[in-house]
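Just below is one structure, and these are the notes that go with it.
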Amino acid sequence: MHEKEIITQIRNRNEIGINNLMKHYSPLIKYVIAPILPNEQDREECLSEVIMLIWDKINYFDESKGSWRSYITAIARNNALNKFRKISKENEIEPLSASVSNEQFSPEATLIQKETTSELQAALSLLSKGDRALFYRKYYYMQSTMQISAETALSPRAVEGRLYRIKKRLQKMLGGDFND
Amino acid sequence: MTDRTEIFPENIDFFPPDDIVFSVNPFKRAMNRILTGFALCAVTFNFFNLNYILPVIGMLLILLGFRSLRGENKWFSLCFTIALIRLFYLCATLIINTTIHHTDIYASRLMIVAAVLNVLLLFVLFILFGKALITVQQKADLPQGAGGISALIIWYAVLFGLALLKAEGLVIAIIMLVSFSFIIYSLFNVSKVLDDAGYAITPAPVKISDFLLCSIICALLIFGGICVNYFFGSYPMDWQLYDANEHENTQELKAQLAALGFPEEVLNDLSLTDLLSCKDALNVKVETQLHPLNDGRQVTEVKTDASGRKTYVHSTVYDQKELRITSVAVLLPTEKPSWKIFHHFTWEAEHKFYGTECIRIIPAYNFGTSQGWMPMGEISGHILYDENNITYIAPYKFLGRQIHHSNDMFFGQNTTADIYATFSMPKHGTKHRGYVCYTTIENQPGWLLSSWVEYTHRQNRFQYPNRTAMEETQKGILEKSNAYKTVSDAIQFYPYNKTPTE
């Protein structure tokens, strides 16, 4: 089924639309939330919440800002993160940490302090598609190094090495200091 | 530690870029590789060795695709095993192609069985691939179907059927290509539909990266090819010490032949049998010439005529001519006139030997004057070389007449039964030489005696698939390779003092 039909059905508050949404986009939503929520039950709850969010906030979807798939990805990711934070607070779980490097070499702090998201996106656009995808996998999709390794057929060491180089480049582009 | 979530905001207005969203899919990359691999393996381009390069790339892509998906279900796992077996078979054939024996190896029963199994495995692969896709669709609760795979199976079945029927023609080729393009297009569409199902896939973790895996396979392929070419790229020759006492008590005969004009350096290389067969010779005719077997150098000469008009003359100048070919015809004391023809060669300058060499002789009885001459007796000859003042001798790997059918765009269908002598020379030593001789007897008087000799020399190692000098000699003009160079010579004369019309 074409995505436009599903969007129209949801916009028209046609309940078939929600079934079609579930049928066609559940694998995508599950894929996005899985790295963030390790618990199966939390994932199931999150999936239902995301479906309902898409249904409720269909008017927020603006095709000029991105594709339908990007929109669903963004909602799924954000909702999973919210849920994770909520669960973390309740259970006092550590935040999702950057496992690829220690703080000393991490550009995150520099990035957060100095750059806005748009600047980061502009810097990312200068990278190759492969490097951008790797960066998004790690820092947007929150995928583990092992998952990235399996999906990109790179060894875990190669993934970490490439991410380290990407961060170094970004730091340079964004004017951050790097203490090697 | 820094919270990774802080890099990208949880903002409804922030969408990840579309290209990233579409590429971050555990299935897409693998599927694209598999389908591209199928496309590359199916189409054959017979230029720039693409008929070998593209299938290797294709098979590697298929292997890599199934490698990521092998953990998803048992069908993908079986597909991976089959892809591995088929890649092994392809690599084995590519390595075999570097030997000079590949034609014989492919004709062996084992290789015929392997080739048939390889084709059957291709069909099994398609069936398993279809099952694997349906299993993925089931897992993701998506509508099931893999119609493109069935079309691909039918396409291949038709292709093999046409090959068995030896059907040829541009129309068939175009129809097959167009239909194949549609099938691949539809498969890519199936792949797009399956993108949604693909999110449900868990790729198998890898210990070595795709790049490293491909590099290892390519390195093994190249190393295997070089090793096999080194050890099986030339004929194993039976070199023996030359018996210097063989020509004892033949001084008188040698002197008699030398007096008739028989070149001494040729005489000294003859076997005792061939030498004795020239006893009481009545006449000797000799032709000798030096031939270049190098590329020479290009020279441009500017000539200016009286009116001032310049003419540029481009020519190839050979500073060195390495190969001396001496042809000797000896009139034997038989009732009917018969001639023993010797074609002798000597490498006089420094040179390198790679692989195989071939001498082709168009004997007097095969030439345009064949009505005048008939074959008589055996064809004989051998090769020699010197090292540290010791002479080594070996029989030819093959020496005799061979019937060859050719179909050339210039000369049409043609059948020849020329004399061939094939051999390999050692990389060491000096004065590599040899000869071939045969006897011809007059059939009808008055005909020209013409005996042609062609020497085909391997100039370098780089030829794929490897061909022997003999195979090269038998190829048509358009199929000749740069790995070989051929020179021709002839001895031609009327064996009478008077011309036949007189």
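The figures here come from the full heavy-atom set of this structure, side chains too, leaving out hydrogens, waters and symmetry mates.
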Heavy-atom distance under 4.5 Å to chain B: side chain of A:Ser149, backbone, both or neither? both

Presence of salt bridge, A:Arg43 and A:Glu40, under 4.0 angstrom: yes

Engaged part of A:Lys23 at the chain B interface, taking heavy atoms whose separation is under 4.5 Å: both

Do A:Gln147 and A:Lys138 come within less than 4.5 Å of each other through their side chains, counting heavy atoms only? no

Which bit of A:Ala158 is near chain B, if near means a heavy-atom gap under 4.5 Å: side chain, backbone, both or neither? neither

Look at A:Arg132, A:Met22, A:Met146 and state which one has the largest set of heavy-atom pairs under 4.5 Å with chain B. A:Arg132

Return the option, out of B:Phe22, B:Phe27, B:Tyr199, with the maximum number of heavy-atom pairs under 4.5 Å with chain A. B:Tyr199

Check this for me: does any side-chain nitrogen of one of B:Asp18 and A:Arg69 sit under 4.0 Å from a carboxylate oxygen of the other? no

Note: vs chain A, highest number of non-hydrogen pairs under 4.5 angstrom among B:Asp19, B:Val24, B:Asp210, B:Val206 is B:Val24

Compare all side-chain heavy atoms of B:Leu63 with those of B:Leu84 and state whether any distance is below 4.5 angstrom. yes

Less than 4.5 Å apart, any side-chain heavy atom of B:Phe160 and any of B:Leu122? yes

Interchain contact, A:Asn79 with chain B, by part (heavy-atom threshold 4.5 Å): neither

Distance-only criterion, 3.5 Å: show the donor-acceptor pairs between side-chain atoms of residues 123-136 of chain B and protein atoms not counting sequence neighbours.
residue, atom, partner, partner atom, Å
B:Thr135, OG1, B:Trp75, NE1, 3.4
B:Thr135, OG1, B:Lys131, O, 2.7

